[in-house]
Protein chains: 2
Amino acid sequence: MPRNKVKLALIENESDRKVSYKKREKGFFKKAHKLRTLCDAEIAAVIDSPYNNEPTVFPNYDVAINTFVKF
Amino acid sequence: MPRNKVKLALIENESDRKVSYKKREKGFFKKAHKLRTLCDAEIAAVIDSPYNNEPTVFPNYDVAINTFVKF
DNA sequence: TTCTCTATATTTAGGAC
DNA sequence: GGTCCTAAATATAGAGA
């Protein structure tokens with residue numbers, strides 16, 4: 001976004017995509033954490049990507065299971 | 001954040017909290033959507049809050065199930 | 001409540017090391 | 001690969017209707 005706008009489509013260049021992924025993953029979990037803390041919300045999230053060996057879970061396995069079971 | 005910084009703690013006033021929740025829920029799903037589209041990532045998320053009757057699922061039930069099963 | 005507005009906090013693309 | 005930087009895009013607190 002800064003320096004240049006980015007169109008909402010797959011980033012073709014693989015190393016650019018990985019760099020973007022790492023930044024956005026961090027931002028995403030930060031937003032999740034704030035939403036959870038500031039407001040009174042339970043949040044569970046899983047991201048599965050080529051850039052992590054294992055799926056990444058927010059905030060942790062147990063809370064995620066408990067939250068997912070609800071829907 | 002704009003107008004004023006906000007400290008990372010539960011927003012005490014309930015109507016302020018609800019207003020903030022609604023804005024942040026929207027932003028959160030938008031970030032999830034961009035991360036999924038720009039980078040090559042599967043994302044599943046569930047939010048359970050006092051402000052929605054049902055837990056809200058991203059991006060939809062089937063994808064969420066498939067993603068959650070992986071971890 | 002639920003919308004709009006907008007000033008300001010936050011995120012991030014593109015670099016340089 | 002991972003820092004750190006910084007300009008510019010984006011998200012949002014607070015206000016007002």
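Sequence lines set the chain letters: A, B, ... in the order given, protein chains first and strands last, and positions in each chain run from 1.
Contact annotation: the side chain of A/V6 never approaches that of B/K34 to less than 4.5 Å [non-hydrogen atoms, C-beta and beyond]. Side-chain contact check for A/N52 versus A/I47: every heavy-atom pair is 4.5 Å or farther apart.
Residue B/K31 contributes atom NZ, which lies 5 Å from atom P of D/dA11 at whole-angstrom precision. What separates NZ of B/K26 from P of C/dC3 is a distance of 10 Å, to the nearest Å. Across the protein-nucleic acid pair, A/D16 atom CG and D/dG1 atom P stand 12 Å apart, rounded to whole Å. Following rounding to the nearest Å, B/K30 (NZ) and D/dA9 (C1') show an atom-to-atom distance of 11 Å. To the nearest angstrom, P of D/dA15 lies 11 Å from NZ of B/K23. Going from atom NZ of A/K7 over to atom C1' of D/dA9 covers 17 Å, rounded to whole Å. What separates NZ of A/K22 from C1' of C/dA13 is a distance of 18 Å, to the nearest Å. The separation between B/R3 atom CZ and C/dA7 atom P is 6 Å, rounded to whole Å.
The residue among B/R24 and A/V6 whose nearest nucleotide of DNA chain D is located toward the 5' end is A/V6. Judged by closest nucleotide on DNA chain C, B/V19 is the one of B/V19 and B/L38 placed further toward the 5' end.
Closest approach to the A/K5 side chain among D/dA11, C/dT11, D/dA9 is made by D/dA9 (side chain taken as heavy atoms from C-beta onward). Distance from the side chain of B/S15 is smallest for C/dT1 among the nucleotides C/dT1, C/dA7, C/dA13. Among the nucleotides D/dA13, D/dA11, C/dA13, the one closest to any side-chain atom of A/S20 is C/dA13. Among the nucleotides D/dA11, C/dT6, C/dT11, the one closest to the side chain of A/K34 is C/dT11.
In this pair, B/F71 and A/Y61 present their aromatic rings perpendicular. The plane angle is above 60°, beyond the 30 to 60° band.
A pairwise comparison of heavy atoms in A/A41 and B/Y21 identifies CB-CE1, 3.8 Å as the closest pair.
Between C/dA13 and A/N4, no contact under 4.0 Å exists linking OP1 or OP2 to a side-chain N or O.
B/S20 contributes no side-chain N or O that, together with a main-chain N or O of B/D16, makes up a donor-acceptor pair within less than 3.5 Å.
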